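Here's the structure we're looking at; comments come further down.
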Amino acid sequence: MVVQSMDDVSPSKWHLAHTTWFFETFVLEPFYPGYRCFNPAYAVLFNSYYNSVGDIYPRPDRGLLSRPTVAEVYDYREHVDAAVTVLMSRADQRTCGAIADVMTLGCHHEQQHQELILTDIKHVLSCNPLQPAYRANSEQVADVTASMGWARYEAGLVRIGAGAEGFAFDNERPRHRTYVAPFELAGRPVTNGEYIDFMEDGGYRQPGLWLSDGWNMIHERRCTMPLYWQLRDGVYHAHTLSGTRPVVRAEPVCHVSYYEADAFARWAEARLPTEAEWEIASEGATIGADLLETGALHPRPTRGGDTEPVAMLGNVWEWTSSPYTAYPGYKTAAGALGEYNGKFMSGQMVLRGGSCLTAATHIRSTYRNFFPPDARWQMTGLRLARDAR
Ligand SMILES: [Fe+2]
């Protein structure tokens, strides 16, 4: 809970303290008169990136925080949980109305960090030559690859984005009109087996398949396969949260960067979908079977997908070809919480659909996740699209 294996990874202890700091800073301090702060020094340690709130301890150094201890972090959580409970039980109607939105945001924020805790633990454990399992899983996965069809969508002016009702992050709003040309979307995500075909066809050695930045990245980092993969006696193995095991060809490929997803799509004579294409195809998608609640902690082979897209929600996050920018009419929230999403709208790509580490109550078809194009430690895969005639 203390180890930090790279700049992007935070210790579990830090995630627990930071999500607690969020409630202390944005709920208790403004709305609880006489609230007794647990430890004023934590304000700097556990502020992630809110410059308007105060100083920030450097992200790459989070693994050096040998204090507070894990036990002290749990005490901090208990202190804040208890104060929030008191605040909510005593609050009058007006205060309840005022804190409802930020309490809801705090819960969704915590769900985001619950997924990050798992991806970060996975990275930490992968760096240990013993490659320990986070949790054993003896489930046998049938290595049967579903046949894949293409669903066709006609051209038109469509609406995407979250409506005014219900919870959504500010970056999903406003709902607006956009034009899509006719396109086809693959019925299921790309599998490990298909990705191995790309690798064995020399995909990582063909410059014509790669974006310039991607070509530089795979050479600088010597990438020849997805993150967490290795060859053992000629057999591809992958490190998972249940330890290292042979790659199952039928499973969706994951832990590929945007650059790798884009190169694969070009090799497959297709492309990545835009986020508008992805969203209109996902409308009416049922919450998939492959979310955090299954306990599998790894994407499973999909079934179906011959006629209409399956596994749009859950399974693997799907890279889109859309840069993460503001929707027309986007407005950042007032105050420090305006720093939540809007200020990251440069140099990142949009991912859609959630993963096997996402809670079912957290994901929806309008959800916009975003990561830099070279990020590989999240549960990131892809689904193909192509222009239709
Ligand atoms: Fe956060």
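Everything quoted here is computed from the prediction, not taken from an experiment. Quick note: numbers below take in every heavy atom, side chains included, and nothing from hydrogens, waters or symmetry partners. Whatever order the structure lists ligands and atoms in, that order sets their numbers, starting from 1.
Annotation: protein N, O or S atoms under 2.8 Å of the Fe ion (ligand 1) (waters excluded) comprise His18 NE2, His109 NE2, His113 NE2.
Comment: Glu194 engages Arg188 in a salt bridge, judged by a side-chain N to carboxylate O separation of less than 4.0 angstrom. A salt bridge links Glu110 with Arg77; the closest basic N to acidic carboxylate O contact falls under 4.0 Å. In this structure, Arg249 does not pair ionically with Glu251, as no charged nitrogen and carboxylate oxygen lie closer than 4.0 Å. For the pair Arg386 and Glu269, the salt-bridge criterion is not met [side-chain N within less than 4.0 Å of a carboxylate O]. A salt bridge does not link Arg352 with Glu318: every distance from a Lys NZ or Arg NE/NH1/NH2 to an Asp or Glu carboxylate oxygen is 4.0 Å or more.
Cluster membership for Leu227 and Met349, using ILVMFWY side-chain heavy atoms within less than 4.5 angstrom, is shared.
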